[in-house]
Number of protein chains: 2
Amino acid sequence: MSQEPRTKGERTRARILDSATELFSRHGFTAVSLREIATHAGLTHAGVLHHFSGKEALLLEVLSLRDRNDAARLFPRLLDPEAPEPPPGERLRRLIGVIVRNSGTPGLVSLYARLSAEASEPGHPAHDYFVRRYARLRTEVAALLAALFDAAEPPVRADPSRTAQQLLALLDGLQVQWLLEPDAVLMEELVRDFLARCGLPTAGAAPSGPGPDPVSD
Amino acid sequence: MSQEPRTKGERTRARILDSATELFSRHGFTAVSLREIATHAGLTHAGVLHHFSGKEALLLEVLSLRDRNDAARLFPRLLDPEAPEPPPGERLRRLIGVIVRNSGTPGLVSLYARLSAEASEPGHPAHDYFVRRYARLRTEVAALLAALFDAAEPPVRADPSRTAQQLLALLDGLQVQWLLEPDAVLMEELVRDFLARCGLPTAGAAPSGPGPDPVSD
DNA sequence: GTCTATATCGCGATAGAC
DNA sequence: GTCTATCGCGATATAGAC
């Protein structure tokens, strides 16, 4: 999961991130204090704040690590321009696979929804991160949709960029509803239904498989 | 906006709500302290906590008041079963009108996104409120869509309930993206586009007009 | 019932000593 | 790189004024 840390500082930092991930995932953001994370990692809360500028920044690190994993699974070239790019159909299957995979870690999904909403306030420390995240995702998903639209039979005439915005919004919005009432929201089915409405039938099941984590950082 | 308060307590409560709405909208939730709200309303922070069980509860009141306004505009029967129900086409126009109207108060939109994400954690004080909110909205929007589907030419064969979930998710998700980058997200157009894909063209502009606030509470 | 004043608690965050 | 000390915060509780 983590790149081999060389210095003591890097090891401490990694230990803090591990503790934070575990405690945030299990008990949520508000319920966990910096002092608890610090104790769990074997130092004081001021020690934690030497490595991370604040509680919010610590959450951002935890989530962006996970985010890079998901993104790299879908868009290998984002991390390594030399990486082989799977065909569009396979990438669409992986996108649905990420949805299924996320349902295994509702704690982190909840944290992400929370932070993205908080970060929408201008001036928030994570504001730029999310602006960039959506811009990047929109570009990548638009390119993927464009390829799928062209390859479809019959070809689909729709704006890939706008459809990408809609798809990303649908995923985010459904996740909130799913977190509130897991049994009432069939994420995968509703997403497939939307894609079908766009002229992109997604018959098969989503594999996404175990596979190695494409990000190590 | 507020029903004529009779007792001193009701007046104080309304004053606190007004102060909280103004300060939260302008500076966000985190940046405003209960002590500031109290001072702005002319009492101490303990006094505020006599009327509201906590800062989160105060936010919930501010937002649910606004929520009831929006909902009543779309579904008059929710508040008054005797109220006349506008035809489906008019109600769809009003729904789009609410989107346009919300873009005038990004502060409150941001607060709503934030709270709905936070409340997704089980055990959160507002968890039940949001579960009920989505259940109610899903039911109402599904009924509206069912009427529109039947009246469409040609009639649309789609599951109104699932389409309602998708539409609500789209609205929530787009709002987060819009808050992050207002110019990059054309809310109204993207929603109309989705509805058109569902077989529901929404040619005309959305009036929503000024009109009296349907909720007074 | 409405509200103030006060004290106490752990929290996130900062400054400075070591 | 980590600590102690300190700050204002949200929250709780109590006692009492009007």
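Lettering follows sequence order; numbering is per chain, from 1.
Atom-to-atom, CD of B/Glu56 to P of C/dC11 comes out at 17 Å; the value is rounded to the nearest Å. Summarising the geometry, the separation between CZ on A/Arg15 and P on D/dG1 is reported as 12 Å, rounded to the nearest angstrom. Taking atom CG on A/Leu43 and atom C1' on D/dG1, their separation rounds to 10 Å, with Å as the unit. Rounded to an integer number of Å, the gap from A/His45 NE2 to C/dT14 P is 10 Å.
For the pair B/Lys8 and C/dT2, the criterion of a side-chain N or O lying under 4.0 Å from OP1 or OP2 is not met. Side-chain N/O atoms of B/Thr12 include none lying less than 4.0 angstrom from OP1 or OP2 on C/dT2.
Against DNA chain C, the stretch residues 19-42 of chain B makes heavy-atom approaches under 4.0 Å through B/Gly42. Within residues 46-54 of chain B, the residues that have a heavy atom under 4.0 Å from DNA chain D are, in order of number, B/Leu49, B/Ser53, B/Gly54.
Residue pairs meeting the salt bridge (Lys or Arg N to Asp or Glu O under 4.0 Å) criterion with at least one member in residues 165-180 of chain A, sequence neighbours excluded, do not occur. Each salt bridge (Lys or Arg N to Asp or Glu O under 4.0 Å) pair with one or both residues in residues 23-43 of chain B, not counting sequence neighbours, appears once here: B/Glu22-B/Arg26. A salt bridge (Lys or Arg N to Asp or Glu O under 4.0 Å) check over residues 47-64 of chain A, counting only residues at least two apart or in different chains, returns the pairs A/Arg13-A/Glu61. Applying the salt bridge (Lys or Arg N to Asp or Glu O under 4.0 Å) definition to pairs two or more places apart or across chains, those involving residues 106-116 of chain A are A/Arg114-A/Glu118, A/Arg114-B/Glu118.
Judged as a ring pair (Phe, Tyr, Trp, His ring centres under 6.0 Å), and not counting sequence neighbours, A/Tyr129 has no contacts. In this structure, the ring pair (Phe, Tyr, Trp, His ring centres under 6.0 Å) partners of B/Phe29, at least two apart in sequence or on a different chain, are B/Phe24. Listed by chain and residue number, nothing satisfies the salt bridge (charged side-chain N to carboxylate O under 4.0 Å, His left out) test with B/Arg15 (two or more places apart in sequence, or in another chain). Annotation: salt bridge (charged side-chain N to carboxylate O under 4.0 Å, His left out) contacts of B/Arg132 (sequence neighbours excluded): none. For B/Glu82, the salt bridge (charged side-chain N to carboxylate O under 4.0 Å, His left out) test picks out no residue, with sequence neighbours left out.
Each of B/Leu111, B/Leu115, B/Leu108 was compared with B/Val62 under the side-chain contact (heavy atoms from CB on, under 4.5 Å) criterion, and only B/Leu108 meets it.
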Query raised in the report: Do A/Arg66 and A/Val109 pass the side chain to side chain contact (heavy atoms under 4.5 Å, CB included) test, and can you show the C-alpha distance, the side-chain angles, and the key distance before you say yes or no?
Result: CA-CA 10 Å; A/Arg66 173 193 157 89; A/Val109 172; 3.8 Å; yes
Scan nucleotides 15-18 of chain D against the protein and return all N/O pairs shorter than 3.5 Å with their distances rounded to 0.1 Å.
none

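The side chain of B/Thr44 lies closest to C/dT4, out of D/dC3, C/dT4, C/dG12.
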